[in-house]
Amino acid sequence: MNNLEEYRKEIEAFASDKLEEIELFRAKFLGKKGSLVSLFNEIKNIPAAERKDFGQGINILKQKVLEKYAELKEKYEQAQQKERVPADLTRPADRITLGARHPISIVTKQLCDVFKKIGYTIAEGPDIEDDWHNFGALNFTPEHPARDMQDTFFVEPGILLRTHTSPVQSRVMENHQPPIRVVCPGRVFRNEAITARAHCIFHQVEILCVDEHISFADLKQTLDFFVKEMFGKERKIRLRPSYFPFTEPSAEMDISCDICKGKGCNICKGSGWVEILGCGMVDPNVLSLNGIDPEKYSGFAIGIGVERTTQQLYKTKDIRLFFENDLRFLSQFESL
């Protein structure tokens with residue numbers, strides 16, 4: 001008990017305006033090897049009749065230490081605050097670095113804006129799709145060989161990461177009757193090797209038009225308008241016959257490579273042409289599967305690869321740059 005009284009006097013008498021000494025004061029009494037910890041360890045040696053008073057005395061000392069420590073530290077911080085030099089209000093402000101939209105976002109918006117000019121509206125859907133909307137509703141039967149064209153990431157049986165944005169078109173058709181004119185932008189996933197020309201994650205903008213008396217001539221006119229708006233009037237295009245399960249007839253559209261000016265490079269595989277989209281007339285079976293009468297309505301669909309389009313617009317030779325978050329590359333788009 002005499003020790004407790006001596007410690008009480010020492011605690012009450014302590015005073016300092018130096019942070020180091022204040023911290024040492026706290027550690028002396030409350031540290032792992034502090035005086036009060038040692039006193040707690042001595043309780044077992046105190047006669048049973050005195051243990052209660054002895055323990056209460058230690059707790060009172062602990063509280064005094066905490067109060068003294070808090071009081072001295074607050075005084076120290078207040079003194080430090082007064083000594084600080086006032087801010088120089090005439091000093092030039094630090095430069096704020098502006099963020100930049102990603103080139104993929106820029107081009108996606110440009111693509112959507114082109115079609116919004118002629119009456120199309122935006123439609124979006126989930127990245128994680130079910131097998132029906134991604135395949136079944138688009139004329140992919142369970143044993144259809146075209147399923148092998150798209151190496152799919154499955155989350156669980158029947159649930160997958162969408163391989164194209166066509167499921168958005170299916171969802172629109174099953175919930176709305178024609179006339180339908182929608183633009184479907186989004187991210188898609190396929191299990192492909194990552195190279196300068198391909199990635200397992202990429203972006204598409206798909207266009208769907210369904211109405212009475214829609215023909216291939218309407219599709220070609222729409223493609224012609226798109227290319228002139230997006231790439232300029234001098235850009236050459238060509239259509240090649242192709243195959244897609246959800247369109248018949250189907251075609252792929254190439255544009256002249258602006259990176260090499262038609263001379264041949266790694267992007268165009270030396271051909272001078274770059275494929276940027278697939279298109280075709282919506283298969284009547286797809287219309288039926290989604291609740292639209294194919295005897296009354298027809299339509300066309302277009303699927304545009306955003307990365308390929310971006311490469312042509314900004315003459316970027318490696319598609320991987322769009323996914324690496326390299327600020328040296330992305331900062332070039334600050335003003336766009």
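We number each residue from 1, following the sequence as shown.
Classification of Asp224 and Lys228 as a salt-bridged pair holds, one side-chain N sitting under 4.0 Å from a carboxylate O. With respect to the salt-bridge test (charged N to carboxylate O, under 4.0 angstrom), the residues Lys9 and Glu6 do not qualify. Looking at Lys64 and Glu67, no side-chain N of the basic residue comes within less than 4.0 Å of a carboxylate O on the acidic one, giving no salt bridge.
With hydrogens and angles ignored, the 3.5 Å screen pairs a side-chain donor or acceptor of Asn175 with a backbone N or O of Arg171. The backbone N or O of Pro284 lies less than 3.5 Å from a partner atom in the side chain of Ser288, making a donor-acceptor pair. Between the side chain of Asn139 and the backbone N or O of Pro245 there is at least one donor-acceptor pair closer than 3.5 Å. Remark: side-chain polar atoms of Gln204 are paired, donor with acceptor, to backbone N or O of Thr165 under 3.5 angstrom.
Annotation: side chain of Tyr76 is not in contact with side chain of Asp17 (no heavy-atom distance under 4.5 Å). In this structure the side chain of Ile214 reaches within 4.5 angstrom of the side chain of Phe300, judged on heavy atoms. At least one side-chain heavy atom of His164 sits under 4.5 Å from a side-chain heavy atom of Phe246. Between Ile180 and Asp211, every side-chain heavy-atom pair lies at or beyond the 4.5 Å cut-off. In this structure, Arg240 and Glu275 have side chains that are in contact, with non-hydrogen atoms separated by less than 4.5 Å. When side chains are defined from C-beta on, Asp254 does not count as touching Val274, because their heavy atoms never get closer than 4.5 Å. The shortest side-chain heavy-atom distance between Asp127 and Arg187 falls under the 4.5 Å cut-off. Two residues are said to be in side-chain contact when any heavy atoms from C-beta on lie closer than 4.5 Å; Val114 and Phe225 meet this criterion.
What you find for Leu30 and Lys62 is that their closest heavy atoms are CD2-CG, 3.8 Å. When all heavy atoms of Arg162 and Pro185 are compared, the pair lying nearest together is NH2-O, 4.4 Å. The heavy-atom pair separating Gly303 from Glu206 by the smallest distance is CA-CG, 3.9 Å. Contact detail for Phe244 and Ala251: the closest heavy-atom pair is CE1-O, 3.6 Å. When all heavy atoms of Leu72 and Ser16 are compared, the closest pair comes out as CD2-O, 3.9 Å. For the residue pair Val282 and Ala301, the shortest heavy atom distance occurs at CG2-N, 4.1 Å.
Taken from OG in Ser35 to CD1 in Ile11, the straight-line distance is 8.5 Å, to the nearest 0.5 Å. Remark: Lys52 NZ to Gln56 CD distance equals 5.5 Å, nearest 0.5 Å. With rounding to the nearest 0.5 Å, the separation of CG in Leu287 from NZ in Lys296 is 13.0 Å. Atom CZ of Phe329 sits about 13.0 Å away from atom CZ of Arg320, to the nearest 0.5 Å.
Tested against Glu71, the residues Lys75, Lys73, Lys68 include a single side chain to side chain donor-acceptor pair (under 3.5 Å) partner, Lys75. Just one residue in the list Ile207, Val306, Ile106, Val183 forms a side-chain contact (heavy atoms from CB on, under 4.5 Å) with Leu111, and that residue is Val306. Remark: of the listed residues Leu160, Asn191, Leu161, Leu160 is the sole one forming a side-chain contact (heavy atoms from CB on, under 4.5 Å) with Phe154.
Note on ring orientation: taking the six-membered ring where Trp is involved, the planes of His199 and Phe323 are parallel (angle under 30°, cut-offs 30° and 60°). A parallel orientation is assigned to the rings of Phe25 and Phe14, their planes being inclined by less than 30° (bins at 30° and 60°). Using cut-offs of 30° and 60° for the angle between ring planes, the Phe115 and Phe226 rings count as parallel.
Enclosure of atom CD in Glu295 is not indicated, since only 12 or fewer non-hydrogen atoms of other residues, nucleotides or ligands lie within 6.0 angstrom. By the neighbour-count criterion of 12 heavy atoms within 6.0 Å, atom NE2 of His176 is sparsely surrounded, having that number or fewer from other residues, nucleotides or ligands. In Glu74, the CD atom is not crowded: 12 or fewer heavy atoms of neighbouring residues, nucleotides or ligands sit closer than 6.0 Å.
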**OP:** Might you work through the side-chain contact (heavy atoms from CB on, under 4.5 Å) test for Leu327 and Asn325, ending with a clear yes or no?
**Re:** CA-CA 6 Å; Leu327 292 179; Asn325 295 322; over 6 Å; no

Item to check | Test log, rule side-chain contact (heavy atoms from CB on, under 4.5 Å), inputs Leu277 and Leu223 | outcome: CA-CA 10 Å; Leu277 62 85; Leu223 292 173; 3.9 Å; yes

Are Tyr120 and Cys112 close enough, and set up right, to give a side-chain contact (heavy atoms from CB on, under 4.5 Å), and what steps lead you there?
CA-CA 8 Å; Tyr120 287 76; Cys112 292; over 6 Å; no

>> Determine whether Cys200 and Arg190 satisfy the following criterion, side-chain contact (heavy atoms from CB on, under 4.5 Å), listing intermediate values before the conclusion.
In response: CA-CA 5 Å; Cys200 62; Arg190 294 182 191 175; over 6 Å; no

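With 3.5 Å as the limit, one finds a donor-acceptor pair spanning the side chains of Asn134 and Thr163. For Asn290 and Ser170, the side-chain atoms include at least one donor-acceptor pair closer than 3.5 Å. For the 3.5 Å distance criterion, the side chains of Asp218 and Ser215 qualify, holding a donor opposite an acceptor. Side chain to side chain, His203 and Glu307 meet the donor-acceptor criterion of an N or O pair below 3.5 Å. For the residue pair Tyr297 / Gln177, no side-chain donor-acceptor distance below 3.5 Å is found, with atom types taken as modelled. Side chains of Thr316 and Gln311: no donor on one and acceptor on the other come within 3.5 Å.
Qualifying ring-ring contact (aromatic ring centres under 6.0 Å, His included) partners for His133, counting only residues two or more places apart in sequence or in other chains: none.
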Extract all donor-acceptor atom pairs below 3.5 Å that involve side chains of residues 229-236 and protein atoms in other chains or at least two apart in sequence.
{"residue": "Glu229", "atom": "OE1", "partner": "Lys117", "partner atom": "NZ", "Å": "2.8"}
{"residue": "Arg235", "atom": "NE", "partner": "Ser256", "partner atom": "O", "Å": "2.8"}
{"residue": "Arg235", "atom": "NH2", "partner": "Ser256", "partner atom": "O", "Å": "3.0"}
{"residue": "Arg235", "atom": "NH2", "partner": "Gln312", "partner atom": "OE1", "Å": "2.6"}

